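This report concerns only the one structure given below.
Keep in mind the model is a prediction, meaning the values are calculated, not measured.
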Amino acid sequence: MVALLDGRDADTLREWLRNHKKIKLVARDRASAYANAVNDVLPECTQVADRFHLLQNLIDRMKDIFREELPEKFYIKDGKLLDETPDVEKRLKIPQDSEAFHGIAYDNSPPLDHTGAPVMFDDTTYHPGRARSKKEAENRKKNSRKS
């Protein structure tokens with residue numbers, strides 16, 4: 001690296017390049033302002049991009065190709081591309097008579113503590129790695145042994 005310039009604008013680069021006319025190669029990011037500044041001051045200078053920016057260019061170009069070549073939506077069923085939009089199937093995906101689900105019930109009521117009062121859980125304050133949370137967990141274990 002030859003220089004690290006203050007600012008991120010073409011004028012700063014232009015000014016620096018005017019004082020360094022011997023530059024033959026510039027590695028830069030994808031900002032067109034930098035390309036224009038180099039072209040204005042040092043038109044014979046070779047400009048190169050690093051691997052990261054080359055990959056970004058490739059990804060952007062592939063996205064453009066996919067947008068042009070692929071339809072906005074397409075559907076695949078049983079490994080085959082469908083010609084038309086499929087009808088939405090409204091059915092339960094899990095068999096209702098499955099033995100695995102007998103006896104399981106769910107309600108959205110909060111859990112109750114040993115006195116029968118609802119326990120409200122505020123997950124914004126719970127962090128398992130924090131010392132306070134570890135101490136609270138230990139206290140809960142001690143209290144559950146007492147009940």
Side-chain angles (χ1 to χ4, degrees), residues 1-17 20 23 25-42 45-147:
M1 181 169 58
V2 175
L4 182 60
L5 306 179
D6 290 332
R8 292 197 37 88
D9 59 74
D11 293 333
T12 303
L13 179 58
R14 268 191 199 92
E15 183 181 324
W16 189 87
L17 289 173
H20 299 85
I23 301 287
L25 179 72
V26 172
R28 62 171 180 81
D29 66 13
R30 301 184 313 161
S32 58
Y34 295 152
N36 294 336
V38 173
N39 286 333
D40 291 347
V41 180
L42 302 173
C45 184
T46 301
Q47 299 181 47
V48 296
D50 58 33
R51 285 180 281 179
F52 173 81
H53 291 98
L54 287 174
L55 184 59
Q56 289 298 100
N57 289 344
L58 176 63
I59 290 169
D60 288 348
R61 181 63 185 129
M62 290 179 72
K63 285 179 182 178
D64 292 342
I65 290 169
F66 290 141
R67 272 190 217 102
E68 293 169 10
E69 298 295 324
L70 295 176
E72 187 175 321
K73 291 182 181 181
F74 56 90
Y75 300 92
I76 299 172
K77 185 173 183 178
D78 299 327
K80 296 179 184 172
L81 188 62
L82 302 178
D83 293 329
E84 298 175 7
T85 303
D87 294 329
V88 177
E89 296 181 25
K90 294 184 179 182
R91 62 185 170 96
L92 186 60
K93 303 276 184 198
I94 303 169
Q96 291 178 345
D97 61 345
S98 172
E99 290 294 321
F101 296 101
H102 286 293
I104 296 176
Y106 174 77
D107 69 7
N108 204 21
S109 58
L112 304 177
D113 68 9
H114 66 281
T115 65
V119 176
M120 303 309 287
F121 183 71
D122 177 12
D123 64 349
T124 60
T125 61
Y126 177 72
H127 300 282
R130 194 173 5 174
R132 176 179 163 197
S133 297
K134 289 178 182 177
K135 187 173 182 177
E136 289 171 353
E138 289 172 14
N139 288 338
R140 282 192 299 274
K141 284 181 187 176
K142 289 177 188 175
N143 289 336
S144 66
R145 290 184 202 135
K146 291 178 184 177
S147 344

Measure the [atom1]-[atom2] distance between [X] and [Y] for me, rounded to the nearest 0.5 Å.
| X | Y | atom1 | atom2 | answer |
| --- | --- | --- | --- | --- |
| H114 | N143 | NE2 | CG | 7.0 Å |
| D60 | I65 | CG | CD1 | 11.5 Å |
| E136 | K134 | CD | NZ | 13.0 Å |
| Q56 | I59 | CD | CD1 | 5.0 Å |
| H20 | L42 | NE2 | CG | 11.0 Å |

I'd like to know whether CZ of R30 has more than 12 heavy-atom contacts from other residues, nucleotides or ligands below 6.0 angstrom.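 Above 12, so yes.
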
Looking at every non-hydrogen atom in both residues, tell me the closest pair between [X] and [Y] and how far apart they are.
| X | Y | result |
| --- | --- | --- |
| Y75 | E84 | CD1-O, 4.5 Å |
| V119 | P110 | O-CB, 3.8 Å |
| L5 | W16 | CD2-CD1, 3.3 Å |

Which of these passes side-chain contact (heavy atoms from CB on, under 4.5 Å) with V26: V38, T46, V48?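 Of the listed residues V38, T46, V48, the side-chain contact (heavy atoms from CB on, under 4.5 Å) partner of V26 is V38.
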
Check side-chain contact (heavy atoms from CB on, under 4.5 Å) between [X] and all other residues, then give those that pass, not counting sequence neighbours.
| X | result |
| --- | --- |
| K77 | L82, E89 |
| D40 | R14 |
| L112 | P118 |

Excluding sequence neighbours, so at least two apart, what forms salt bridge (charged side-chain N to carboxylate O under 4.0 Å, His left out) with [X]?
| X | value |
| --- | --- |
| R67 | D64 |
| D83 | none |
| D50 | none |

Can you confirm whether the side chains of Q47 and N39 place a donor and an acceptor under 3.5 Å from each other?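 Result is yes, a qualifying pair exists.
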
Using modelled atom types only, decide if a donor and an acceptor are shared between the side chain of D9 and the backbone of D11 within a distance under 3.5 Å.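 Checked: pair present.
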
